[in-house]
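Structure first, commentary second.
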Number of protein chains: 2
Amino acid sequence: MAEKRRRRAATVEKVEQVLDATERIMLDEGYAAVSSRSVAGKVGINPPMVHYYVGSIDDLFVAVLRRRAEGIAAQLADALESDEPLRSWWQLAADPRGSALFIEFIAASNHRPALGKVLGEYAREVRKLQMERLEELLPLYGLDPIEFPPALVAAATQGLAFGLVADELGGHDTATAEARAAMDRLIDRLEARRKASTD
Amino acid sequence: MAEKRRRRAATVEKVEQVLDATERIMLDEGYAAVSSRSVAGKVGINPPMVHYYVGSIDDLFVAVLRRRAEGIAAQLADALESDEPLRSWWQLAADPRGSALFIEFIAASNHRPALGKVLGEYAREVRKLQMERLEELLPLYGLDPIEFPPALVAAATQGLAFGLVADELGGHDTATAEARAAMDRLIDRLEARRKASTD
DNA sequence: GGAGAAGTCGAACGGGCGTTTCAACTTCTG
DNA sequence: CAGAAGTTGAAACGCCCGTTCGACTTCTCC
């Protein structure tokens, strides 16, 4: 086995630029617009350099996903340990900036098995994190864990957030503002109940 | 203006075959695998014929969407008028066969504006249908329309269903069976409550 | 049965794609 | 300061794409 040759600092920086450009393209034009040429054009390099930096296009998507997923998982863990876990979690989930990229990843993973595998690992990790914490949390909110088990609450919350963001990004007018307002009020009530019960 | 000459019966049938093949490809390989050549290959015709039959590829996606959307909207209307509206609706929403295609459409619409427009019209129509019916229905289930307004219930139910189907199709193991079971039990309770209240 | 529309075919257009190759160049290291 | 390792540029590979075109066959209707 040949020992690894270390990259120069400038190269490491360029890799970050390539990942940034890829995210940007995914958000602006959809994941299908990502190609070695489009990414290279945005960064100001030649197409083959993209492959030199990150490998195949599959590897590129995986690298972007991993970088983002780590950040979001950390944010989620923080949110679930905050003063108002439900509210913090919801704010994170319902934020278009975070969710928009993942909608693209979900779509892209349908015909990029390598990406799907990584996305699956991440989805399982996030769901596990949510469920474990909800196990302790739900009783504090006055929710019966038999009637509303963590698996259901987690899936419904995330599904609702994704649905709202997807409709809003698509410009579909499906009363998302109304739903968001009602969800905010529901969270108000639940957080108040929790506060009362822990006093 | 020359009056339109009507298409031959065989052609009408071929158009249906083209739409069928497109659906099949979307489900099996993802929407990105749809091309005049792939569709033509599946049907056993030449690529230009696809354009002769349905026009551009955008038109092809729109035609497939419209055909399916009409069917699903009708099924939804039926479900919401059935004996157990909530259960029927949930069964329809949570059925992978129906939802899988729409996940592809949502993804494809991100970079096909023409498709996005039609999808938006359809999403609005479906949401409106759900909300109008829920307005009458929710009180019967013992749900306060102030606490749980139709917009929230509709978005959450649909979001949950899409999330579950997406995870299952992707093969991600995110406790979807647990969530489905809990949802079924919740619907059992709600339908029982409704039955009791209407007696 | 013949005019003309509907349908079919094969070839071709310009273009974008992922990726490889290879030679030239820079930068670091001993 | 030489040579190794890292980096860059240009060109090219084969492939698939949407779509158009013109010539052909088949059908329909008067």
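Residues Arg112(B) and Ala9(A) each lie close to DNA chain D; by heavy-atom proximity, the contact nearer the 5' end of the strand is made by Ala9(A). Between Pro48(A) and Ala33(A), the residue anchored closer to the 5' end of DNA chain C is Ala33(A), taking for each the nucleotide with the nearest heavy atom.
Between the C1' atom of dT20(C) and the CZ atom of Arg37(A) lies a distance of 12 Å, rounded to the nearest Å. Rounded to an integer number of Å, the gap from CD of Glu13(B) to P of dC27(D) is 15 Å. One can place CD of Glu29(B) at 13 Å from P of dC16(D), the figure rounded to the nearest angstrom. Between the P atom of dT26(D) and the CD1 atom of Ile45(B) lies a distance of 18 Å, rounded to the nearest Å. For the pair Ile25(A) CD1 and dG16(C) P, the interatomic distance rounds to 14 Å; values are reported in whole Å.
For the pair Leu186(A) and Trp90(A), the minimum side-chain heavy-atom distance is 4.5 Å or more. Considering only heavy atoms from C-beta on, Leu160(B) comes within 4.5 Å of Leu152(A) through its side chain. A 4.5 Å side-chain heavy-atom check between Lys14(B) and Met49(B) finds every atom pair outside the cut-off. Counting only heavy atoms from C-beta outward, the side chains of Ile72(A) and Val126(A) never approach each other to under 4.5 Å.
Judged by distance alone, the side chains of Asp167(B) and Thr174(B) do bring a donor and an acceptor atom under 3.5 Å apart.
When heavy atoms are screened at a 4.0 angstrom cut-off, Val34(B) is found touching the sugar-phosphate backbone but no base atom. Using a 4.0 Å heavy-atom criterion, one finds that Ser56(A) contacts the sugar-phosphate atoms exclusively.
Proximity of Asn46(B) to the phosphate of dC9(C): a side-chain N or O atom is located under 4.0 Å from OP1 or OP2. A close approach under 4.0 Å does not occur between any side-chain nitrogen or oxygen of Ser35(A) and OP1 or OP2 of dG16(C). Between dT8(D) and Tyr53(A), a contact under 4.0 Å exists linking OP1 or OP2 to a side-chain N or O.
Proximity note for Met49(B) (side chain, C-beta onward) versus dT19(C), dG18(D), dC9(C): the nearest is dC9(C). Considering only side-chain atoms of Tyr52(B), the nucleotide from dT7(D), dT8(C), dT19(C) that sits closest is dT8(C). Closest contact between the side chain of Ile57(A) and the listed nucleotides dT21(C), dT7(D), dG18(C) involves dG18(C). Taking the side chain of Arg7(A) as heavy atoms from C-beta on, and the options dT19(D), dT7(D), dG18(C), the nearest nucleotide is dT7(D).
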task: List the protein contact pattern of nucleotides 25-30 of chain C with one symbol per nucleotide (5' to 3'): B for base contact, S for sugar-phosphate-only contact, - for none; contact means a heavy-atom distance under 4.0 Å.
output: -BBSS-
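Just one residue in the list Val50(B), Val54(B), Asp20(B) forms a side-chain contact (heavy atoms from CB on, under 4.5 Å) with Val15(B), and that residue is Val54(B).
Figure legend: cation-pi geometry between Arg194(B) and Tyr141(B), with NZ or CZ positioned under 6.0 Å from the six-membered ring centre and within 45° of its axis.
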